[in-house]
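Residue numbers begin at 1 in each chain, while the letters A, B, ... track the order of the sequences.
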Amino acid sequence: MMTKLPPVFFERPDVVQVARELIGKILLTRFDGIVTSGRIVETEAYNGVVDRASHAYKGRRTARTETMYSAGGVAYVYLCYGIHHLFNVVTNIKDVPHAVLIRGIEPVEGVEQMLDRMRKLKLDHTVGRGPGNVSRALGISTEHTGNSLQEEISIWDDGFVLKPSDIIASPRIGIDYAGEDATLPYRFYQKGNRHVSGKGNK
DNA sequence: CAGCTGATCAACT
DNA sequence: GTTGATCAGCTGC
């Protein structure tokens, strides 16, 4: 049984809780009738205007970050280091720029299509590992920023439940510039899953 | 296995 | 002109 997560799931006020609950859910895209999906195994919460690691820190608002100010339940996709498209889920209500970065998925449907997009011949643990690869495997790019998560891109609950002890919280990756905010336990991942980025995810 | 580096663009100084 | 919510490929232990 598959249930699509409704807008109210994303509009809740606690972005850290949403990030934790997204572990184990299914992220699915359907572009031109081609379905690819994967189970979310790693996320990070970005806590809006008070979070030095967020693009919306201190209420910064540019053409790029504008979609983070939408009501929860849409995609925020932006380009990092000029080449990587990073996919985020916007949460909270309109004008509160919270978001959850999806950092890792375990491929489920459309493996052949994902391998094609990754330019790989065979499924391995690097497919869907790291935020740039999540977008690449699922075919998501900056042109999808602002899109609803009820249409081409959607997130599903298939009844899969993780033991609470298998969801680990840790500091976020690659945000050393964020001072004290860099130490907050806003990253969540499934213990031991090989599609989680970094080392030592036991 | 650790460490460096190129790719390449939007935002900021 | 510099810097990042990154990745893969190479170097040299």
Q. Between the side chains of A/T36 and A/R117, does any donor sit under 3.5 Å from an acceptor?
A. yes
Nearest-angstrom distance from the residue atom [atom1] of [X] to [atom2] of [N]:
X: A/K58; N: B/dC12; atom1: NZ; atom2: P; value: 13 Å
X: A/H85; N: C/dT6; atom1: NE2; atom2: C1'; value: 12 Å
X: A/Y78; N: C/dT6; atom1: OH; atom2: C1'; value: 9 Å
X: A/R60; N: B/dT13; atom1: CZ; atom2: P; value: 8 Å
X: A/Y46; N: C/dG4; atom1: OH; atom2: C1'; value: 11 Å
X: A/R61; N: B/dA11; atom1: CZ; atom2: P; value: 14 Å
X: A/L86; N: B/dC9; atom1: CG; atom2: P; value: 15 Å
X: A/R119; N: C/dA8; atom1: CZ; atom2: P; value: 12 Å

Residue [X], side-chain atoms from C-beta onward, closest of [options]:
X: A/Y81; options: C/dA8, C/dT6, B/dA11; value: C/dT6
X: A/L79; options: B/dA10, C/dT6, B/dC9; value: B/dC9
X: A/I83; options: B/dC12, C/dT6, B/dA7; value: B/dA7

Q. Any salt bridge between A/K25 and A/D158, counting N to O under 4.0 Å?
A. no
Q) Between A/D95 and A/R61, is there a side-chain N and carboxylate O pair less than 4.0 Å apart? A) yes
Q. Looking at side-chain heavy atoms only, is the closest gap between A/L27 and A/V134 below 4.5 Å?
A. yes
Q.
If you assign A/R136 and A/I173 each to the DNA chain C nucleotide with the nearest heavy atom, which residue ends up on the more 5' nucleotide?
A. A/I173
Q) Nearest nucleotide by nearest heavy atom, which residue falls closer to the 5' end of DNA chain C, A/M118 or A/M68? A) A/M68
(Q) Taking pairing as Watson-Crick or G-U wobble with both contacts under 3.5 Å, can you name the mate of B/dT8, or confirm there isn't one? (A) none
Q. Where does the angle between the aromatic ring planes of A/F31 and A/H144 fall among parallel (under 30°), tilted (30 to 60°) and perpendicular (over 60°)?
A. parallel
Q.
Strictly below 4.0 Å: does A/R103 bring a side-chain N or O up to OP1 or OP2 of C/dT6?
A. yes
(Q) Need one value for A/N133: base, sugar-phosphate or nothing, where a base atom within 4.0 Å counts as base even if backbone is also close, heavy atoms only. (A) sugar-phosphate
Q: Describe the nucleic acid contact of A/L101 in one word from base, sugar-phosphate, nothing, applying a heavy-atom distance below 4.0 Å.
A: base
